[in-house]
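Let me begin by presenting the structure, written as structure tokens, before commenting on it.
Throughout, protein chains are lettered first and strands after them, A, B, ... in sequence-line order, and every chain is numbered starting at 1.
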Number of protein chains: 2
Amino acid sequence: MRRRATVHDVARAAGVSLATVDRVLNGRPGVRAATAEKVEAAIAQLGFSRDLNASLMARARDLSVVFFIPDGSNEFMDSLAQAVERRSASALADRMHLDMRRVRALDAEALAEGLDGLDPRQCDCAVVVSSDEPKVISAIEAAHRRGIVVMTLVSDLPGSARQRFIGIDNVAAGRTAASLLGRFLPGGGKVAVVAGSLHLRDHAERLEGFEAALGAEFPAISIIGPVEGHDERTETAAIVARLLARHADLAGIYNLGAGNAGLVEALEASGRAGALRVIAHELTASTRAGLRSGAIDVVLDQNPDGEIREAIAAARALALQAGRAAAADAIEIGIFLRDNLR
Amino acid sequence: MRRRATVHDVARAAGVSLATVDRVLNGRPGVRAATAEKVEAAIAQLGFSRDLNASLMARARDLSVVFFIPDGSNEFMDSLAQAVERRSASALADRMHLDMRRVRALDAEALAEGLDGLDPRQCDCAVVVSSDEPKVISAIEAAHRRGIVVMTLVSDLPGSARQRFIGIDNVAAGRTAASLLGRFLPGGGKVAVVAGSLHLRDHAERLEGFEAALGAEFPAISIIGPVEGHDERTETAAIVARLLARHADLAGIYNLGAGNAGLVEALEASGRAGALRVIAHELTASTRAGLRSGAIDVVLDQNPDGEIREAIAAARALALQAGRAAAADAIEIGIFLRDNLR
DNA sequence: ATGTGAATGAGGTACGTGCCTCATGACCTT
DNA sequence: AAGGTCATGAGGCACGTACCTCATTCACAT
């Protein structure tokens with residue numbers, strides 16, 4: 001059980017002074033390429049890794065992470081924001097400063113502006129929740145070039161310069177919903193699918209997984225829809241009411257988007273709540289109420305607290321080794337029934 | 001956004017020297033009660049909290065946590081042990097040293113001996129997985145008096161001096177199994193319950209939740225058992241085989257203990273795998289295989305990685321403020337189908 | 001040969017805490 | 001009054017890193 005290597009060890013091994021190691025580690029100028037290589041080699045050989053805590057203490061500035069969370073869209077985003085608030089104090093104890101900015105949902109312009117306004121001297125890492133917009137992609141690229149680590153949350157932007165994505169596997173979530181509904185309805189039947197908007201990557205992926213799994217494993221179940229409710233309470237309520245009215249034999253509903261308050265309203269108004277198997281996404285006030293009343297059977301959840309926890313851990317890991325990939329816990333899909341509500 | 005308070009601030013506010021603050025903070029002798037109170041008051045007023053990282057750095061010794069994990073019992077314990085190994089490296093980066101000791105399962109004597117052997121100068125925190133045994137309870141009491149923080153993992157010992165329990169709500173897990181099986185079998189039917197040993201608190205709690213929820217919500221389902229398989233592969237296989245032979249109309253099985261390899265064997269040997277709805281506990285090689293083949297429908301999991309993560313976080317929090325309770329994330333019950341296997 | 005600029009070394013201070021030594025003063029015992 | 005004990009202050013060194021200044025070395029161009 002040996003001591004961890006320190007900058008002193010690296011300096012000794014590379015045959016250079018502490019100052020040179022420091023220049024290499026922090027990307028400061030004034031080091032010949034050959035010398036830098038010697039230092040890199042020593043670092044690799046010793047398995048040196050900067051002590052993040054000592055580092056943050058020495059520079060007397062906290063690691064700063066800025067979260068851009070959509071505003072005014074849905075309850076899930078609010079619970080993400082709350083999760084950030086909840087972690088702020090304990091993060092501060094680890095020398096991390098969490099900054100949260102709410103930006104108008106789906107307003108690519110505003111988000112890009114926010115990213116552009118980040119000063120790398122005051123912000124080490126940005127976490128964004130965004131749909132796939134060219135303006136955002138290029139703002140991420142620019143931030144990355146300025147030396148800011150960017151991560152995507154909830155919905156990924158695979159083509160961008162983001163270093164990491166934090167969120168669930170939405171295709172698996174869709175498959176899971178199918179697998180549960182299939183088992184809930186051993187006799188088969190009609191199941192309606194309600195989405196927010198299929199232009200949203202996460203919604204599209206859930207649908208993909210759902211249709212694939214249902215088709216492969218439960219051919220006795222037929223799908224009605226998808227119908228888009230735009231994550232909106234009244235619109236979703238209207239859609240569900242119409243579905244219930246048109247299909248007296250509807251056996252199940254999978255709402256892969258938001259707007260769950262509307263879903264529950266329509267179910268209860270129809271008098272058929274509890275008679276259909278219903279699966280929805282994200283634990284919020286509405287879906288909790290639905291689980292308790294029996295209107296919703298299962299809620300698939302992204303676990304906002306876990307996502308924020310991982311985002312913070314990833315920010316630390318990336319601050320440590322800007323380039324390399326760091327191991328990370330995957331975010332698991334939470335499955336909630338009335339019986340295991342937290 | 002103000003700076004965090006430091007020992008210097010506390011000393012100034014209390015009108016004493018740094019040395020005195022240090023004596024109070026670290027419980028060293030040589031401080032009059034009246035002076036100590038002044039310091040405590042200043043700490044409370046400033047909301048001072050020791051900077052754990054600087055502290056660990058200064059004393060040039062890592063926070064050391066010893067895990068006592070049962071050996072030779074079942075795959076779940078192995079995956080707990082693996083989770084400890086997996087976290088070791090990253091914990092070291094945060095100045096925590098994880099030490100793992102496997103002790104013979106259900107050997108209270110050995111576990112108590114291990115606890116008694118812990119030297120508070122070399123071990124700050126012990127994490128134990130244990131059934132309810134007087135010898136263990138008193139060893140925990142003794143360790144606590146020596147200044148070692150003790151936490152229980154997986155199975156709690158409510159009467160002991162343990163500072164915290166880390167694990168799932170097993171009653172809720174049992175209810176969840178019932179709720180799923182109830183929905184899987186809308187027509188009702190016979191469901192068999194297999195346990196390891198009802199002397200184990202976690203097994204008893206799962207059974208309690210299962211019976212309560214099934215009785216209240218799904219009266220059309222009748223329970224056969226519980227039968228005890230002692231978490232043993234061959235014994236569990238024999239029991240399941242007998243159940244299947246005796247009840248041609250068996251509609252489901254809930255195995256709330258271990259021994260899942262035997263469960264899957266018996267199911268496949270009977271040719272009825274896939275025809276019954278089966279719920280088991282803990283993601284292991286056996287249950288994964290069962291999920292993939294379709295012999296098992298759902299696995300309820302404790303998430304060993306999450307438990308170890310929380311144990312580490314709790315150890316840090318408790319090192320910081322020995323007395324006070326620190327907020328902590330609850331461990332959620334993982335629910336896995338073939339479709340969301342990680 | 002001399003100047004120029006870049007590369008590097010040497011060494012300091014700081015961050016917040018733990019732990020050590022030594023000096024001082026107060027109060028008590030004999 | 002002398003000696004002892006105890007509470008406290010003052011200060012230093014250490015941990016691992018960041019960042020600063022200043023001096024020195026070396027290569028290259030003039």
Practice prompt. Tell me what Arg95(B) touches on the nucleic acid: a base, only sugar-phosphate, or nothing, going by heavy atoms under 4.0 Å.
Written response: sugar-phosphate
Practice prompt. Take atom CD1 of Ile43(B) and atom C1' of dG16(C), then tell me their distance rounded to the nearest Å.
Written response: 14 Å
Fill in: Any Ser55(B) side-chain nitrogen or oxygen under 4.0 Å from OP1 or OP2 of dG18(C)
yes
Worksheet item: Roughly how far apart are Asp71(B) CG and Met77(B) CE, rounded to 0.5 Å?
Response: 11.0 Å
Fill in: Atom pair distance, as rounded to whole Å: CZ in Arg12(A) and C1' in dG9(C)
16 Å
Discussion item. For Asp156(B), is there an ion pair with Arg162(B) - N to carboxylate O distance below 4.0 angstrom?
Written reply: yes
Worksheet item: For Arg59(A) and dG16(C), what is the distance between atoms CZ and C1' respectively, to the nearest whole Å?
Response: 16 Å
Worksheet item: Which nucleotide span of DNA chain D, 5' end to 3' end, has atoms closer than 4.0 Å to non-hydrogen atoms of chain B?
Response: dA7(D) to dG16(D)
Item to complete: Using only side-chain N and O atoms of Arg32(A), determine if any of them is under 4.0 Å from OP1 or OP2 of dT8(C).
Response: yes
Worksheet item: Once you round it to whole Å, what is the distance between P of dG16(C) and CG of Asn26(B)?
Response: 17 Å
Worksheet item: Which is true for Asp51(A) with a 4.0 Å heavy-atom rule: it touches a base, it touches only sugar-phosphate, or it touches nothing?
Response: sugar-phosphate
Worksheet, complete the sentence: Rounded to whole Å, the CE-P distance (Met57(A) to dA14(C)) equals 14 Å
Discussion item. Please report the distance, rounded to the nearest Å, between CG in Leu52(B) and C1' in dG16(C).
Written reply: 12 Å
Worksheet entry | 5' precedence on DNA chain C between Thr35(A) and Leu25(B) (nearest-nucleotide basis) | Thr35(A)
Worksheet, complete the sentence: Rounded to whole Å, CG of Asp9(B) lies from P of dC15(C) at a distance of 11 Å
Response to the item:
By nearest-heavy-atom nucleotide on DNA chain C, the more 5' of Ala58(B) and Ala19(B) is Ala58(B)
Worksheet item: Would you call Asp9(A)-Arg4(A) a salt bridge at under 4.0 Å N-O?
Response: no
Discussion item. Does Asn53(A) reach a base, just sugar-phosphate, or nothing at all? Heavy atoms under 4.0 Å.
Written reply: nothing
Worksheet item: Quick one: are Leu283(B) and Phe76(B) in side-chain contact, heavy atoms under 4.5 Å?
Response: no
Worksheet item: Across the strands shown, which category fits Arg23(A) at heavy-atom distances under 4.0 angstrom: base, sugar-phosphate, nothing?
Response: base
Worksheet item: Side chains of Thr152(A) and Ile166(A): closer than 4.5 Å at any heavy-atom pair?
Response: no
Item to complete: Might you point out which heavy atoms bring Leu52(B) and Arg316(B) nearest each other, and give the distance in Å?
Response: CD2-O, 3.8 Å
Worksheet item: Nearest-Å distance, NE2 (His8(A)) to P (dA10(C))?
Response: 13 Å
Discussion item. Can a donor-acceptor pair be found, under 3.5 Å and without considering hydrogens, that links the side chain of Arg61(A) to the backbone of Arg121(A)?
Written reply: yes
